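Computed from a prediction, not measured in an experiment: that's the story for all the values here. The analysis underlying the following values was restricted to heavy atoms, covering all of them including side chains, and did not include hydrogens, waters or symmetry mates. Note that ligands are numbered from 1 as they come in the structure, with each ligand's atoms numbered from 1 the same way.
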Amino acid sequence: MFRETVSRAILMLAMLLMLDFSLKAQNDDFETIVQTEKSAWLRNQKAQERGGLVSAVNRSDIQYCRLHWTVDPAVKYIRGTVMTVFEPYEILSSLEFDFSEALTMDSVLYHGQKLIFTRLGDVLTVEFPQNLAAQVKDSLTFYYQGIPTSTGFGSFETGIHGPDSIPVLWTLSEPYGAKEWWPCKQSLDDKIDSIDVFINHPAGYRAASNGLLVSEVTIGNTTTTHWKHQYPIAAYLICMAVTNYVEYENLAPFNGNTTTILNYVYPESVSAAMEGTAEVVAQMQLFDDLFGLYPFQEEKYGHAQFNWGGGMEHQTMTFVGSWGFELLGHELAHHWFGDKVTCGTWQDIWLNEGFATYLSGLCYEFLLPQYWQNFKQNRIDISTNEQDGSVFVPDTTSVARVFSGRLSYAKGAMVLHMLRWVCGDDAFFEGVRNYLNDPNLAYSYAKTDDLKNHLELSSGKNLNGFFADWYYGEGYPGYQISWSKKPTNEVTIKIDQTQSSPTVSFFEMPLQLKLSDGMSDTMVVLNNTSNGQSFTLQLDFSPTMLEFDPNLWIVSRNNFVQELTSTGEPVPKYDLTIMPNPTHGKAHYQLRIDAGSEIEVHLINAEGRLIKQDQSFALPGVNKMLLDVHDVPAGWYQLQITGKDFQIAKKIMVQ
Ligand SMILES: [Zn+2]
C-alpha cells in the first residue's frame, strides 16, 4: 500500500472489546455468558499479544471461499453470501469468524441446517450441532447484509468520479478491514487456497476483483461478474471495485510468453493511465530478472482505478488513484513482497512496505538511473527526520504506527539497502530470491527472522548485530571524520560516531569513503567497529578531499569531515569573506568550498535572532553572492552559512 497524502485522516481502531454482561444476562444464563465472554476475552488478549487486534482464533484451515456480493455504487450497502470451506485443526464444537458488529447476520447454514451463533464485538461464533472431527473438510454459508463501517484507510467506500459524477464503490481492507464487509479470518496465519467472487451490480458497470474474469452475465438491470483466483490469498488482499470502467491491456513479455496487465480505468482518465501503465511492462521485466517471474503468472496482473490518494496491492488487481512511475512500481513490487510472501504479523510490515519502497527505488537504479541518488537521499532524509523509532513495530493497535511512512517505508527500504551493502550484491539478491522461493514462505507468511536467516545463509555473515541496531534499535549514526596526510601520501583517517537514540550503543558498519585530488580518486571501505577508530592508508596521490558515503549506502545524518594539518590544526576547507565590511545597503560575500552543496544562509543579529534567511546552491570553487542589508538596522550581525558538511560564519557591521 502507498499513501500519497500524509494529511489524510487515519482512523484509529478501537483497541479493546467492550463487555456488556447485564444486557445479555436478561435473556440467558448469566454464568454461561460470563464463562463464554471470559474465554473470548482471554483469546482476544492472546490475539493482542500475538500482535493483532481482537480477532478470531486460528483453529481451522480455510481452504476455499465462494464470495457472492450484491452492491450498487450509488448506495453504501452490501448484501452477501459467503460459503467457506474449512478443515478443523482440532475437534471443534464452535468456530469463530471476524465479522463487524455493524452488519446483520441473517443466518448461517450448515448442511442445510441453521446454526446458532453468538456475537461479541466483531467476533462471530457459530455453534455446531455436534462436535466436528479434526482434519475433516467441512463447510458453512453465511447470509448477511448492512451498511459497512469503514475502518483503517477506508475498508468499504463509495464516491463519485468524472464530469458526470458517476458513482464508484471500492474496498481496501488492509490491515483490519476485511471483517467490515465479509465474515472471514483475518489473522496473518492462514491463506485461503482459492476463491470465486461473484459481484451483482447495476448493468452498465464493470466489477474488478482478484484473478481471472470468468464471465459477465446481464439479466435485466443487473450484471453478475464472476472472478476466479486460484492462488493462496490473505483476507486483506481480497477486493472489489465497481463503476463504469473502460478496459485496456498491456502485455509484459517473458521467456517467449506474456503476462497480461489488465487495466480498469475511469473513462476520463484513459490517456493518463495508458501513459503510466505502459511503464509497468519494464518494471515487471526488471522484477522478473531480479526476483523471479511474476508470482501470479497463470492469471494476470491488473490495475483498477479508485478514489483513494495512493495504491493498494490487491492480489493480481492493484487499486490506484493515480499513475505515477513510483506508485505503480511500488504496488507491482508488492506482488512478490506482500502478496506472494506476506508479513506474518503486522509487526513485520516492513517485509511488505520496506521491500515495495526499495523496489520502486530499484526501478530508478536500473531503468531511470538519473533519479537513483535522489531517491536514496530522500529516504535517508525521511528516516532521520526524527531521532528515534524502530523499523520493528512495537504497537500494532495503531494503524498509523504500522504504516509509518518514515519507519516502515523509508527506513525499511534503506535497511534493505544497507543489508545489500553489508552482504554484497550477489549474496543479497540470492538470499532474497531464496526467501521468496522458500516452500515454507512462498504463497504464505514470513517473519523478519526468515529474511535474516536466508541472508545469513547466502552471505555467510552473522547478522544479529545488524538487526539489533537497525531493525529493533532506533535512530541513526552521525559520523565525525578527521583525516590528515603526510608528504609520502600516507593518509590517516579517524572516525567518531554519535547515535541519535540511546537504544543503540554503536552502529558497526563498513563505511565507503572517496579520496580525491581533483584528478585522481579512489574509493575505500573501512570496517568501522568502534568509536575513535583510526585507519592508515597508503595512496599514490596526495588527496585534497575526502567524501563520506558518496553512494549513500548508510542512513546517517549530521556527518562532518575535517582535514587536519600535521600538527592537528583544522585545514580550512571553507572560506568566507564579506566585502565591503562595514557596509550599508549592499555587500557581497565570497564562499569558497571544495564540493558543491545546498547552502542555508542566515543573518543573525547581536541578540542571536534570525533576521534573514535564504537557501541556495554553491558550486565547488569560489561563489560570489549578493547580501542585501539595506532594510536591517545598523549594528553587528553574523552571516552564517551551513552546507552539506560544513558551517562557517563571519561578522559583518551594517552602518
Ligand atoms: Zn505498499
Next on the checklist: Out of the candidates V168, I166, V246, only one should pair with Y266 under the side-chain contact (heavy atoms from CB on, under 4.5 Å) rule; please name it.
Outcome noted: V168
Item to check | Heteroatom N/O/S of N352 within less than 2.8 Å of the Zn ion (ligand 1) | outcome: no
Item to check | NZ/NE/NH1/NH2 to OD/OE distance under 4.0 Å, R420 and E365 | outcome: yes
Checklist outcome for this item: H330 NE2 to M1 N via the Zn ion (ligand 1), rounded to 10°, gives 140°
Checklist entry - Looking at K179 and D122, does any basic side-chain N land under 4.0 Å from a carboxylate oxygen? => result yes
Checklist entry - In E353, which N, O or S atom comes closest to the Zn ion (ligand 1)? => result OE1
Next on the checklist: Tell me if the centroids of the rings in Y358 and F337 come within less than 6.0 Å of each other.
Outcome noted: no
